[in-house]
Amino acid sequence: MIHSSRYLNNPVMIELLTLTVENTVLAKQEGLLKKFKLTTSKMHLSDSRGVIQNYDTPEEVLEEFFHLRLDFYVKRRRHVLDTLELELLKMDNKVRLIVDVVKEEDAAEITVAWDIDGEKPVQNSEEEEGQHGNNGAENGAGKKARRQASKNPRKPNKKDQAVSKVSNISLSSMQTEIVPATVVKPKGRGGPKKAKDDRDDDDNFDIPDLREHLAKHNTDSSPDHSISAEARRHQSKGQKSVLRALLRFVIVEKKKNMGRKFFVGGNWKCNGTTEEVNKIVSTLNAGAVPSQDVVEVVVSPPFVFLPLVKTSLRPEFHVAAQNCWVKKGGAFTGEISAEMLVNLSIPWVIIGHSERRLILNESNEFVADKVAYALSLGLKVIACIGETLEQREAGSTVAVVAEQTKAIAAKISNWTDVVLAYEPVWAIGTGKVATPAQAQEVHSELRKWLQANVSPDVAASTRIIYGGSVTAANSNELAAQPDVDGFLVGGASLKPEFIDIIKSAEVKKNA
Ligand SMILES: O=C[C@H](O)COP(=O)(O)O
């Protein structure tokens, strides 16, 4: 029966046996535990005080050690929390230091003057000094002139320009490459510690522009020859630190702006009775989901159930209407106005769903007008776009969604309250979900379109969510795509699996 000792830890305790089929049957009859003496009524162990004791049952052992283990668990938890708090404190301090340094006007001015004036940096090596024959007075004057130049009212927005210069760095490099090792990390996720020196710092900047800046400042920009080379090096180092601090600050701010919180919308469409709605709400209220820092959840019941859902739903989930009228309410039988939604404190509205575009013939322009009007009243909008199967097969997917987005872009100037929902019509309610690659491709094209036609900031910060046969079985893989910022879920939002779809936000968090 036991053929080899290689699976067992303690060869001394092993008795190698080979049982015939007949003996195996006999052993089973006798009872394997008894036959192989695998039970014992005598258990001798050191108790929690280290004194040998005899225990008659495993339960007695558990009772003896339960409190001891609990104490250790509590201590370990405390230790982990203390460690994380310490890390958090260190990170907070780093952020404060950077912010404080940046706030020092003079320092910022010097840095901005370097970055913006487009001047050739003042060279500092002995060789350069010799070649140019500069003297201290001239350089001091030059420095003063540069400072003056930075204060020149004809160039009032230098700091802004510095920021916007950094803002224009390619999005992909901003997103994936340039975060210095010392920028703020999410709470509780301390990265490996890195020995710090100047070179390390420089290496943290992978944007060509920034590297250029730092390369410039590797030369001593202090023109004051009345101070020693050592003092100049010291001064230069201080200035480099200021530059680094400013650039880091800008990058951290930039990253913050780009932070697209995962968004999961549940579109209940034209479904539900009061009982069914109550049941769905109960399921949602009981579900364990990631925190609001990680995911924003909005459910969209039919109009008539909005007040019920709004009052009974857990407060961190929000509600959306499924449509609203294109302008101020009035004699428009059957319509619900944006003003009414505002009056009922409904924060979100879905506009331009393909079922309305196709069945009710809502045009791109009409949808765009609705988006603009809803936004103007302070509503947040989930604006839907997507191609039909015919359009996809004709190879015009990107052109179609670009055209739909263009109509919206022509009518609005602020995208902060817009979530763009890409919903290929052929995937809606068909069980035929877009592959993660298909979804990513269109989302990425949409982001490029926004970058080229609206602004890099809007492209970087607007959430583009996917809709069309999303289920708990495919949501994780879809969520892992870099440009998929969440979902608009139809059928599955009426089922308990919606909770699992919400949980796919964790995939993004851990990416
Ligand atoms: O608004 C949601 C979409 O129409 C997706 O619906 P579905 O998940 O039932 O395919």
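Along the sequence shown, residues are numbered consecutively beginning with 1. Numbering of ligands and ligand atoms starts at 1, following listing order.
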query = Is any N or O atom of S469, backbone or side chain, closer than 3.5 Å to an N or O atom of ligand 1?
reply = yes

request  = Please confirm whether K370 makes a cation-pi placement over Y373, using NZ or CZ under 6.0 Å from the six-membered ring centre and within 45° of the ring normal.
outcome  =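 The answer is no; the distance or angle limit is not met.
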
Cation over ring face, R69 and F65, 6.0 Å, 45° = no

Go through ligand 1 atom by atom and flag the ones less than 4.0 Å from a non-hydrogen atom of [X].
{"X": "I428", "answer": "4 (O), 6 (O), 10 (O)"}
{"X": "A427", "answer": "10 (O)"}
{"X": "G429", "answer": "7 (P), 9 (O), 10 (O)"}

Protein residue, atom and distance nearest to [atom], heavy-atom basis:
{"atom": "atom 3 (C) of ligand 1", "answer": "E423 OE2, 2.9 Å"}
{"atom": "atom 8 (O) of ligand 1", "answer": "G490 N, 2.9 Å"}
{"atom": "atom 9 (O) of ligand 1", "answer": "G491 N, 2.8 Å"}
{"atom": "atom 6 (O) of ligand 1", "answer": "K269 NZ, 3.2 Å"}

Salt bridge K448-E445, side-chain N to carboxylate O under 4.0 Å =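 The answer is yes: the pair qualifies as a salt bridge.
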
ask   = Should R356 and E362 count as an ion pair when the cut-off is N to O under 4.0 Å?
value =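 Salt bridge: yes.
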
request  = Please confirm whether A492 comes under 4.0 Å of ligand 1, counting heavy atoms of the residue only.
outcome  =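 Checking ligand 1 against A492, which is what was asked, there is no heavy-atom contact under 4.0 Å.
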
ask   = S354: heavy atom below 4.0 Å from ligand 1, yes or no?
value =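 No, S354 has no heavy atom closer than 4.0 Å to ligand 1.
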
query = When the ring planes of H443 and Y422 are compared, do they come out parallel, tilted or perpendicular, using 30° and 60° as the limits?
reply =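 Aromatic pair H443/Y422 classed perpendicular.
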
message = Would T416 and N414 count as a side chain to side chain donor-acceptor pair (under 3.5 Å) here? Give the steps.
response = CA-CA 6 Å; T416 314; N414 187 346; 2.4 Å; yes

ask   = Taking C-beta and beyond as the side chain, do P290 and F262 meet within less than 4.5 Å on heavy atoms?
value = no

